[in-house]
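In this chain, numbering begins with 1 at the start of the sequence shown. The shown structure was predicted, so the numbers you read here are calculated from the model rather than taken from an experiment.
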Amino acid sequence: MKKVLLAAMVLTLSLSAMTSCRDTKDKTEEAKETLNEAGEDLEEAAEDAADALKEAGKEAKEMGKKALDSIEKAGKETMDAAEKAIDSM
């Protein structure tokens with residue numbers, strides 16, 4: 001009787017361990033899928049951020065060109081006004 005009871009206890013523990021291992025495997029697979037999805041989301045976010053920075057850089061470059069043109073025009077106007085002032089003296 002002790003052997004039967006002992007065998008039943010060992011069988012119960014074995015089944016419990018197998019169930020636990022199966023659950024762990026399932027949880028591991030779920031975690032792996034979640035991490036893969038998170039990785040894909042991060043990659044998309046990084047690409048979006050890179051595109052946004054690239055666009056902002058283009059806009060800043062264009063604004064810089066416009067500002068440089070304005071400064072150059074103002075400088076020429078100032079020089080012309082100075083020359084006229086000198087000529088009128």
Side-chain angles (χ1 to χ4, degrees):
M1 188 67 171
K2 284 184 179 181
K3 288 182 181 181
V4 172
L5 184 59
L6 184 59
M9 289 176 61
V10 168
L11 183 60
T12 302
L13 287 174
S14 295
L15 287 173
S16 176
M18 284 183 3
T19 303
S20 177
C21 288
R22 189 174 307 133
D23 290 346
T24 300
K25 180 182 174 189
D26 292 343
K27 297 286 185 190
T28 301
E29 286 297 321
E30 288 176 18
K32 181 181 174 183
E33 290 175 16
T34 301
L35 286 173
N36 285 337
E37 290 173 6
E40 291 171 4
D41 290 344
L42 284 173
E43 185 176 350
E44 288 177 18
E47 289 173 2
D48 291 345
D51 290 344
L53 286 172
K54 188 175 182 180
E55 186 62 31
K58 286 180 183 178
E59 290 176 9
K61 183 178 178 181
E62 186 63 32
M63 289 172 53
K65 285 181 180 179
K66 288 179 181 179
L68 184 59
D69 289 345
S70 295
I71 292 169
E72 187 177 329
K73 183 179 176 184
K76 285 180 182 179
E77 290 174 357
T78 302
M79 291 299 291
D80 290 342
E83 285 178 8
K84 286 180 183 178
I86 291 171
D87 287 342
S88 67
M89 290 181 154

Engineer: Going by the rule salt bridge (Lys or Arg N to Asp or Glu O under 4.0 Å), which residues pair with Glu72 if we only count those two or more places apart in sequence or in a different chain?
Structural biologist: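 Per chain and number, Glu72 pairs via salt bridge (Lys or Arg N to Asp or Glu O under 4.0 Å) with Lys76.
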Engineer: Distance check, rounded to the nearest 0.5 Å: Thr34 atom OG1 versus Lys27 atom NZ?
Structural biologist: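 NZ of Lys27 is found 10.5 Å from OG1 of Thr34.
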Engineer: Please round to the nearest 0.5 Å and tell me the distance separating atom CD of Glu83 and atom CE of Met79.
Structural biologist: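 Here the rounded value is 5.5 Å.
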Engineer: Could you tell me which residues satisfy salt bridge (Lys or Arg N to Asp or Glu O under 4.0 Å) with Lys58, sequence neighbours excluded, listed by chain and number?
Structural biologist: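 Salt bridge (Lys or Arg N to Asp or Glu O under 4.0 Å) list for Lys58, sorted by chain: empty.
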Engineer: Return each pair, listed once, that meets salt bridge (Lys or Arg N to Asp or Glu O under 4.0 Å) where at least one residue sits in residues 42-51; pairs must be two or more places apart or across chains.
Structural biologist: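 Every pair satisfying salt bridge (Lys or Arg N to Asp or Glu O under 4.0 Å) with a residue in residues 42-51: there are none.
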Engineer: Measure the OG1-CD1 distance between Thr78 and Ile71 for me, rounded to the nearest 0.5 Å.
Structural biologist: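 That separation rounds to 11.5 Å.
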Engineer: Write out all pairs satisfying salt bridge (Lys or Arg N to Asp or Glu O under 4.0 Å) with one or both partners inside residues 32-42, taking only residues at least two apart or from two chains.
Structural biologist: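 Output for this query is empty, none listed.
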